[in-house]
Each structure stands twice: as C-alpha cells, then as structure tokens.
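Comments concern the structure below.
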Amino acid sequence: MRRLTDYRVLTFDCYGTLIDWKTVIWDALQPLIMRNRDAEVSRDAALLAFGQCESLQEQETPDLLYSELLARVHGRIADRLGMQTVPELDEAFGASVPDWPAFPDTADALRVLKRHFRLVILSNGA
C-alpha cells in the first residue's frame with residue numbers, strides 16, 4: 001500500500017477542488033436570471049444546463065480561451081432554459097473567471113502541501 005509521503009508531486013484540478021465553481025456559476029448567472037424574472041430556474045437546473053452546455057461548447061471549440069468559451073456557454077444556457085440574453089451579459093459571464101473565489105481553506109492547504117510536494121494545478125481556464 002502506498003502512502004502519501006511516497007509521492008513528490010501532487011496534481012489536481014483547479015475548478016471544483018480549489019474553486020467553488022458551483023457557487024460562482026450560480027452567482028454569475030444571476031444577472032441573466034434577474035433579466036428573465038418570469039423564468040423559474042432552480043440552482044440544480046442551472047448547474048445542469050451549465051455542465052451540458054459547457055461540454056458541448058468545449059467539443060465544438062476546444063481552442064477557445066476559457067473566458068470566450070464561457071461567453072458562448074452563457075448564451076446556450078439562456079437558450080436551454082428559455083431565457084433571453086444580450087451580448088453584454090454573455091461577455092460579463094465569460095469575464096467573471098478572475099473573480100471566482102477559492103474555497104476558504106484553499107490557500108492554507110496549498111501552503112502546507114507546498115512544503116512537502118511540488119504542486120501541479122490543472123485547468124482549462126485562461
């Protein structure tokens with residue numbers, strides 16, 4: 001059986017591991033939801049739509065910067081949920097990535113791990 005101390009390098013995904021993407025996606029969708037006040041959209045439905053739309057967009061345009069990809073995803077989410085959007089909302093959603101906060105314990109955990117391992121964070125974001 002291997003122990004954690006048998007390793008010199010740790011790799012892990014950024015979004016979902018370090019960044020609370022479910023909360024930030026839901027928060028970033030609020031301007032769209034507020035624009036479409038008559039639409040009844042649950043958090044679960046919005047996150048499901050995000051996952052499906054993001055996956056399709058990544059397949060169609062794998063070379064896009066993540067911020068550009070997210071802008072397109074936002075438009076797809078609006079379509080899928082029967083809402084109206086405008087380019088400004090799509091672009092703001094895509095530009096929201098730098099504002100996505102880490103989980104509260106992320107920085108401290110990375111500091112501790114960095115003392116013992118090389119850390120490699122994987123991300124499709126840019």
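Treat the numbers as computed from the prediction; the structure is a model and nothing was measured. Keep in mind that the numbers below use all heavy atoms, side chains included, and drop hydrogens, waters and symmetry copies.
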Considering residues at least two apart in sequence or located in another chain, which fulfil the side chain to side chain donor-acceptor pair (under 3.5 Å) criterion with [X]?
X      : value
Asp63  : none
Arg115 : none
Thr61  : Gln57

Let me confirm one number: the [atom1]-[atom2] distance from [X] to [Y], rounded to the nearest 0.5 Å.
X     : Y     : atom1 : atom2 : value
Leu64 : Tyr66 : CG    : OH    : 12.0 Å
Thr5  : Arg2  : OG1   : CZ    : 11.0 Å
Met83 : Ile77 : CE    : CD1   : 8.0 Å
Cys53 : Leu69 : SG    : CG    : 10.5 Å
Arg43 : Ile25 : CZ    : CD1   : 10.5 Å
Glu91 : Thr85 : CD    : OG1   : 10.0 Å

Among residues two or more places apart or on two chains, list those pairs meeting ring-ring contact (aromatic ring centres under 6.0 Å, His included) that have a residue in [range].
range            : answer
residues 100-120 : Tyr15-Trp100
residues 72-95   : His74-Phe93
residues 31-60   : Trp21-Phe50

Should [X] and [Y] be regarded as members of a common hydrophobic cluster, given that ILVMFWY residues are connected when their side-chain heavy atoms come within less than 4.5 Å of each other, either directly or indirectly?
X     : Y      : result
Leu48 : Leu81  : no
Val9  : Leu122 : yes
Leu18 : Val112 : no

Next item on the list: May I ask you to say whether Arg76 pairs ionically with Asp79, meaning some side-chain N is under 4.0 Å from a carboxylate O?
Entry: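 No, no charged N to carboxylate O under 4.0 Å.
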Which atom names give the shortest non-hydrogen contact between [X] and [Y], and what distance separates them?
X     : Y      : value
Ala49 : Arg80  : CB-CD, 4.1 Å
Leu29 : Ala46  : CD1-CB, 3.9 Å
Gln30 : Trp26  : NE2-O, 2.9 Å
Leu89 : Pro31  : CD2-CB, 3.6 Å
Val24 : Pro101 : CG1-CD, 3.1 Å

Next item on the list: Side-chain contact test, heavy atoms from C-beta onward, threshold under 4.5 Å: evaluate it for Gln84 versus Asn36 and give yes or no.
Entry: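 A side-chain contact exists here, since the closest heavy-atom pair is under 4.5 Å.
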Next item on the list: Using a 4.5 Å cut-off on heavy atoms from C-beta on, say whether the side chain of Thr17 contacts that of Ile121.
Entry: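 No, side chains not in contact.
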Check: Between the main-chain N or O of Asp105 and the side-chain N or O of Asp108, is there a donor-acceptor pair closer than 3.5 Å?
Finding: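 It does not hold such a pair.
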